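Each remark here refers to the structure printed beneath this line.
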There are 2 protein chains.
Amino acid sequence: MTSLQSFTSRRTGAIMRLGELEVRPDELQVLAGSRRVGLTTREFQVFLVLAERCDRVVLRPDIYELVWGGRMSRRDRSVDVFVRRVRGKLSIASPGWAYIHTHFGIGYRFSPERIGD
Amino acid sequence: MTSLQSFTSRRTGAIMRLGELEVRPDELQVLAGSRRVGLTTREFQVFLVLAERCDRVVLRPDIYELVWGGRMSRRDRSVDVFVRRVRGKLSIASPGWAYIHTHFGIGYRFSPERIGD
DNA sequence: CCGGCCCGTGAACGAGCGGTTACCAAGTGG
DNA sequence: CCACTTGGTAACCGCTCGTTCACGGGCCGG
């Protein structure tokens, strides 16, 4: 039910504003101010799964299921790696902000927070 | 039947409110107001076993069985230690409240109570 | 065919967690 | 008041989990 389908089929398209970010689901684009973050499709999917659940902790297997579909194998590092890449691009486009927070042994949480620049 | 399984398989997800606390089983999170308590998975399991049985005394071996599964060995102090850790984090996130009460020689009881700040 | 980008995997490393133990304080009964 | 039981606390260590880097295959455009 909740799977990758939700990305392609659902077209809410509602533009979201989160911290400095402007998210355009229709375009698979994220803007920081006027700067384009430049996420790839996979990166954007991971980003969106978290951003749509702002301030909530999303379990690692749930992220996998929502983006890739199917069950996450025990040692699959995909989620980590893409979270890292998203973080990297966000920190470049929007320095002074932290967006994705780690919950050890649980998952990740999207919450825009100002940090020391 | 009631074992660790109940944590992962059961997804009631019903948010509970207890005293100042908001419990989100889906996220393995507890909030005190807007403050995040930050329990680890084990700590959260112990917390939940008690919180779900609010105002009832839960025997020490029962806690062990529900969280760890299997029988508690005579000198196992795991329950004590994790109750202490949960208490510690709760008291930081929600001062002025006492949540977990000791019943000597029996077990623990979860009941939100105001105390001197 | 070639070059660049994207995706996924594997390994190394460090941080954080979980379970144990030892010691001390508190409670209980004679 | 003392001996004994039970709970509280802190420190410790092995190991899981997260982060990061590096590499190779796949895809696409030129």
Side-chain angles (χ1 to χ4, degrees), chain A residues 4 7 28-30 36-50 57-92 98-110, chain B residues 4 7-8 28-30 36-50 57-92 98-110 115:
Chain A
L4 180 55
F7 284 102
L28 306 187
Q29 288 294 305
V30 182
R36 205 164 289 272
V37 177
L39 300 178
T40 68
T41 48
R42 266 284 190 269
E43 289 165 1
F44 183 81
Q45 289 171 349
V46 172
F47 170 87
L48 192 59
V49 159
L50 294 171
V57 177
V58 186
L59 309 192
R60 194 177 288 259
D62 291 349
I63 298 174
Y64 186 90
E65 217 171 303
L66 287 162
V67 173
W68 280 267
R71 197 160 300 167
M72 182 177 74
S73 84
R74 201 124 216 325
R75 322 215 153 109
D76 199 313
R77 328 292 287 118
S78 303
V79 173
D80 309 275
V81 173
F82 278 87
V83 165
R84 158 163 167 56
R85 289 175 183 165
V86 172
R87 275 176 172 160
K89 292 186 178 178
L90 287 177
S91 73
I92 291 172
Y99 293 99
I100 302 181
H101 309 273
T102 304
H103 286 252
F104 202 95
I106 302 177
Y108 296 97
R109 172 177 52 89
F110 187 95
Chain B
L4 180 54
F7 285 103
T8 51
L28 307 186
Q29 290 293 302
V30 182
R36 211 164 280 274
V37 177
L39 300 178
T40 68
T41 48
R42 264 285 188 268
E43 289 164 3
F44 182 81
Q45 289 170 350
V46 172
F47 169 87
L48 193 60
V49 160
L50 294 171
V57 178
V58 186
L59 308 192
R60 193 175 289 259
D62 291 349
I63 298 174
Y64 186 89
E65 216 170 307
L66 287 163
V67 173
W68 279 267
R71 195 161 301 166
M72 182 176 73
S73 84
R74 203 122 225 329
R75 325 211 151 109
D76 198 316
R77 311 297 309 281
S78 302
V79 173
D80 306 272
V81 173
F82 277 86
V83 165
R84 155 158 168 56
R85 289 176 183 166
V86 172
R87 276 176 170 159
K89 291 186 179 180
L90 286 177
S91 73
I92 292 172
Y99 293 98
I100 301 180
H101 309 274
T102 304
H103 286 252
F104 203 93
I106 305 177
Y108 296 97
R109 172 178 50 89
F110 186 96
I115 57 176

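A, B, ... follow the sequence lines: proteins, then strands. Residue 1 opens every chain. Just so we're clear, the structure is a prediction, and the values are computed from it rather than from any experiment. For the numbers below, each heavy atom of this structure counts, side chains included, while hydrogens, waters and symmetry mates do not.
- Judged by distance alone, with hydrogens and angles left aside, B/Arg87 brings no side-chain donor or acceptor close enough to the base of D/dG8 to form a pair under 3.5 Å.
- As judged by a 4.0 angstrom heavy-atom cut-off over every strand, B/Arg77 is placed among the base-contacting residues.
- In this structure, A/Phe82 places its CZ atom 16 Å from P of D/dT20, rounding to the nearest Å.
- For C/dG8, its base sits under 3.5 Å from the side chain of A/Arg85 at one donor and acceptor pair at least.
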Legend entry - CA sep, side-chain torsions, deciding dist, call: A/Tyr108, A/Asp62, side-chain hydrogen bond (donor to acceptor under 3.5 Å, both in side chains): CA-CA 10 Å; A/Tyr108 296 97; A/Asp62 291 349; over 6 Å; no

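- For B/Arg84, whose side chain is taken as the heavy atoms from C-beta onward, the closest listed nucleotide among C/dT20, D/dT9, D/dT19 is D/dT9.
- Comparing D/dG8, C/dC7, C/dC17 against the side chain of B/Thr102 picks out D/dG8 as the nearest.
- Summarising the geometry, atom CZ belonging to A/Arg60 is positioned 6.5 Å from atom CE belonging to A/Met72; distances are rounded to the nearest 0.5 Å.
- Across all strands, B/Arg74 comes closer than 4.0 Å to no nucleic acid atom at all (heavy-atom distances).
- Residue A/Val83 is classed as having no contact, given no heavy-atom separation below 4.0 Å to the nucleic acid.
- Of the candidates C/dC7, C/dG18, D/dT19, the closest approach to any side-chain atom of A/Asp80 belongs to D/dT19.
- The backbone N or O of B/Ile100 sits less than 3.5 Å from a side-chain atom of B/Arg87, completing a donor-acceptor pair.
- Considering CG of B/Leu50 and NE2 of B/His101, their distance stands at 10.5 Å, rounded to 0.5 Å.
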